[in-house]
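Numbered from 1 within each chain, the chains take letters A, B, ... in sequence-line order.
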Number of protein chains: 4
Amino acid sequence: MIRDRDFIKNSTVPGPTKEEIRCLVLCKSELTSQDIVVDIGCGTGGLTLEFAKRTSKVYSLDRNPEAINLTSKNLEKHGLKNRVQLICGNAKDEMDKFPDFNVLMIGGSGGDLSFLIEKGFSKLKKSGRIIITAILLETALEAIETLKKFDMDVEVINAAISRGKIIERGTMMLAENPITIIVGVKRN
Amino acid sequence: MIRDRDFIKNSTVPGPTKEEIRCLVLCKSELTSQDIVVDIGCGTGGLTLEFAKRTSKVYSLDRNPEAINLTSKNLEKHGLKNRVQLICGNAKDEMDKFPDFNVLMIGGSGGDLSFLIEKGFSKLKKSGRIIITAILLETALEAIETLKKFDMDVEVINAAISRGKIIERGTMMLAENPITIIVGVKRN
Amino acid sequence: MIRDRDFIKNSTVPGPTKEEIRCLVLCKSELTSQDIVVDIGCGTGGLTLEFAKRTSKVYSLDRNPEAINLTSKNLEKHGLKNRVQLICGNAKDEMDKFPDFNVLMIGGSGGDLSFLIEKGFSKLKKSGRIIITAILLETALEAIETLKKFDMDVEVINAAISRGKIIERGTMMLAENPITIIVGVKRN
Amino acid sequence: MIRDRDFIKNSTVPGPTKEEIRCLVLCKSELTSQDIVVDIGCGTGGLTLEFAKRTSKVYSLDRNPEAINLTSKNLEKHGLKNRVQLICGNAKDEMDKFPDFNVLMIGGSGGDLSFLIEKGFSKLKKSGRIIITAILLETALEAIETLKKFDMDVEVINAAISRGKIIERGTMMLAENPITIIVGVKRN
Ligand SMILES: Nc1ncnc2c1ncn2[C@@H]1O[C@H](CSCC[C@H](N)C(=O)O)[C@@H](O)[C@H]1O
Ligand SMILES: Nc1ncnc2c1ncn2[C@@H]1O[C@H](CSCC[C@H](N)C(=O)O)[C@@H](O)[C@H]1O
Ligand SMILES: Nc1ncnc2c1ncn2[C@@H]1O[C@H](CSCC[C@H](N)C(=O)O)[C@@H](O)[C@H]1O
Ligand SMILES: Nc1ncnc2c1ncn2[C@@H]1O[C@H](CSCC[C@H](N)C(=O)O)[C@@H](O)[C@H]1O
């Protein structure tokens with residue numbers, strides 16, 4: 001995984017998703033090198049870069065031009081730029097333009113989560129996955145309920161990670177905020 | 001419990017111990033209004049004030065004069081000043097001066113934890129309790145091992161608390177750092 | 001606090017609420033010895049007994065006759081029987097019969113949570129508290145939303161407690177299931 | 001990742017390491033397909049199989065013949081048998097026989113952790129990694145201290161994962177026991 005510190009950051013754009021959460025999302029995506037990924041709300045590019053290291057067909061979208069700019073810089077820094085198509089726009093207006101995909105990652109939805117899942121489901125290939133990372137209880141629940149409505153196999157993981165900071169006196173455990181990862185798998 | 005925001009704070013003194021941890025420590029102390037408490041490393045006074053609300057014989061000690069000063073101000077603010085004797089000094093030099101006690105709280109030990117537990121054990125009344133709050137793995141383990149050596153009943157709790165911050169978009173869960181609470185009970 | 005092992009248990013009745021969660025609920029209840037408490041879904045009596053140790057006016061209700069029976073036995077075991085009035089029935093039919101109260105504890109609601117909060121709010125004294133313990137995401141969110149609707153001050157705590165089991169080889173940390181505690185305070 | 005339920009299990013052998021922990025260990029191993037891995041204490045084969053899916057040079061060792069047998073069955077079930085050399089024996093007697101390796105995974109050490117790290121360090125290639133998963137506080141600390149002694153870059157992660165169980169009434173969060181993952185990287 002790319003270390004958190006190896007991303008260029010910007011105080012006006014959220015992210016990158018913490019390394020351990022990126023790792024869990026990647027595992028849950030079951031990505032293969034042939035897969036097409038759409039990353040909605042790419043922010044700093046945390047997840048986009050990880051996807052791009054593993055497949056060359058990634059579409060990343062954010063409504064914040066600064067996020068697109070920052071993701072672009074991070075892709076360049078890590079030599080991944082030609083693997084990702086960046087789109088600046090509101091997800092609900094752009095979903096129709098994508099080809100069908102294997103993985104839909106939703107890291108930000110601005111109130112349109114159900115709509116995005118619905119749209120995403122219609123473009124999701126068989127056995128494809130929709131993954132949502134939630135820092136709000138409300139987002140977690142809306143994701144679960146919408147995925148269930150589409151009769152997907154739903155998995156819910158809450159990850160409370162703390163990292164040891166090694167100081168002179170010893171090992172201090174510092175908490176990251178807990179994240180809920182919701183995964184829906186389209187049945188065949 | 002006193003709310004975290006109701007303590008006067010100072011950037012050079014750690015504390016107060018977060019409300020939920022104070023709550024757990026209080027429960028584990030099994031304090032009665034007749035009990036004598038010694039609070040080593042009183043810091044901001046977080047635990048001292050909670051003890052003082054429940055018994056009038058609290059001795060609180062810190063080697064940092066600013067901590068003593070700050071605890072004093074917080075006691076005054078909450079009308080608890082006449083219940084606590086404040087001592088500025090290094091715990092390992094002061095332990096001998098206390099009368100026997102029912103509860104020994106160690107929130108800071110500066111490398112002398114085993115020594116303080118040993119001294120504390122010799123002054124601990126029957127069924128009395130030694131409680132250590134640890135943010136370092138090393139402290140937690142040294143506490144457990146030393147309490148076991150004195151054949152105390154040992155209990156270990158790790159508390160990972162997150163608090164919901166209610167914002168317009170929903171309820172964001174924010175983590176507090178995990179704390180290990182170690183309790184030793186002197187057998188009869 | 002009463003130790004978990006000191007409750008009489010029964011495989012068909014949930015509870016007792018784990019000691020650390022009882023401790024946090026008690027702290028959040030800000031109970032005084034004059035307060036009237038209603039405990040809905042008393043189960044094994046975990047919370048009922050803790051309330052009864054601190055005030056003598058506790059009404060405890062469960063729709064499961066075995067829960068009432070078990071709570072009764074636990075009250076007797078701990079000498080608290082004359083402090084609690086036990087009612088067997090469905091909360092939504094019984095709420096009207098209670099006098100106004102200071103603390104409403106909801107540990108089980110069987111699908112009627114919003115209704116019970118609404119009813120409870122109308123009988124809640126000024127500065128009184130409604131506390132909900134949730135093991136389901138859905139319950140946590142319904143509680144938060146309903147308390148907000150009544151313009152209460154809302155607090156949300158998620159507690160992930162693990163306990164150290166001391167075995168020959170060392171200290172094994174064993175997790176309890178995370179519980180969300182939601183507290184609403186009625187404004188004056 | 002392989003799902004927990006897709007391992008053949010046996011009540012006398014621990015494991016498999018839970019999926020999310022396997023995922024984090026894999027990420028932290030930074031494995032490439034050319035790497036040589038030694039997995040000490042392979043148990044059910046949880047980690048062995050994940051390594052074997054990503055490199056073909058895995059040596060897996062356990063002192064319990066049933067663990068070797070079970071790992072063998074799981075390798076066969078997942079078509080990975082020819083990628084792993086299984087050795088039944090006590091790690092401290094077998095370490096010398098391995099070629100130099102890139103990743104040393106220690107999931108069980110039976111009291112010999114420092115010795116195994118020391119031996120492992122001498123056979124570890126440059127930029128290689130030693131990874132320890134600990135369920136005991138004592139193991140975590142011994143790992144940290146020993147890795148620091150060899151001047152490795154040390155990383156400590158505590159993962160408290162809970163999984164949502166979707167039942168009729170909603171989503172119940174069930175905790176897995178917290179695991180500490182310690183990683184040491186050999187400097188160049
Ligand atoms: N409806 C919408 N359409 C497009 N982008 C959106 C959106 N709602 C929110 N976002 C974007 O979602 C992002 C969430 S933060 C995402 C962080 C990212 N996963 C990382 O690891 O770096 C923000 O940048 C926000 O601008
Ligand atoms: N050997 C020692 N003797 C006295 N005080 C000590 C000490 N080692 C550390 N301390 C003190 O221990 C404190 C730890 S912080 C304690 C915070 C406190 N429980 C609260 O809730 O506010 C620091 O103020 C530090 O000065
Ligand atoms: N609508 C309702 N009316 C009354 N009791 C209800 C109810 N819905 C659920 N319950 C009860 O709520 C209980 C939840 S378990 C409560 C455990 C308890 N707090 C303890 O610490 O022991 C169950 O016993 C269930 O029978
Ligand atoms: N000194 C030693 N040498 C070899 N094996 C050991 C050992 N000490 C402990 N073990 C083994 O370590 C294992 C720990 S359990 C490991 C589980 C495994 N990682 C999985 O995912 O399936 C046990 O099977 C135990 O027999």
Interchain contact, A:Leu24 with chain D, by part (heavy-atom threshold 4.5 Å): both
pair check: D:Cys27 + A:Cys27, SG-SG < 2.5 Å: no
Contact check, side chains of D:Arg163 and A:Val156, non-hydrogen atoms, under 4.5 Å: no
Nearest-0.5 Å distance that lies between atom CD1 in A:Ile166 and atom NZ in D:Lys148: 5.0 Å
Portion of D:Ile157 that has a non-hydrogen atom of chain A nearer than 4.5 angstrom: both
Proximal component of D:Glu20, with respect to chain A [non-hydrogen, under 4.5 Å]: both
NZ (A:Lys18) with more than 12 external heavy atoms under 6.0 Å: no
Part of D:Met1 within contact of chain A (heavy atom distance under 4.5 Å): both
Best-contacting candidate, D:Gly164, D:Ala159, D:Ser162, against chain A by heavy atom pairs under 4.5 angstrom: D:Ser162
Proximity breakdown for D:Ile161 and chain A, heavy-atom pairs closer than 4.5 Å: both
Pairing of D:Glu155 and A:Lys165 as salt bridge, 4.0 angstrom limit: no
Interatomic spacing from CG in D:Asn158 to CG in A:Leu174 - rounded to 0.5 Å: 12.0 Å
Residue part contacting chain A, namely of D:Glu19, when any heavy atom lies under 4.5 Å: side chain
Separation between OG1 of A:Thr180 and CE of D:Met173, rounded to the nearest 0.5 Å: 6.0 Å
Contact class of D:Thr171 relative to chain A, heavy atoms under 4.5 angstrom: side chain
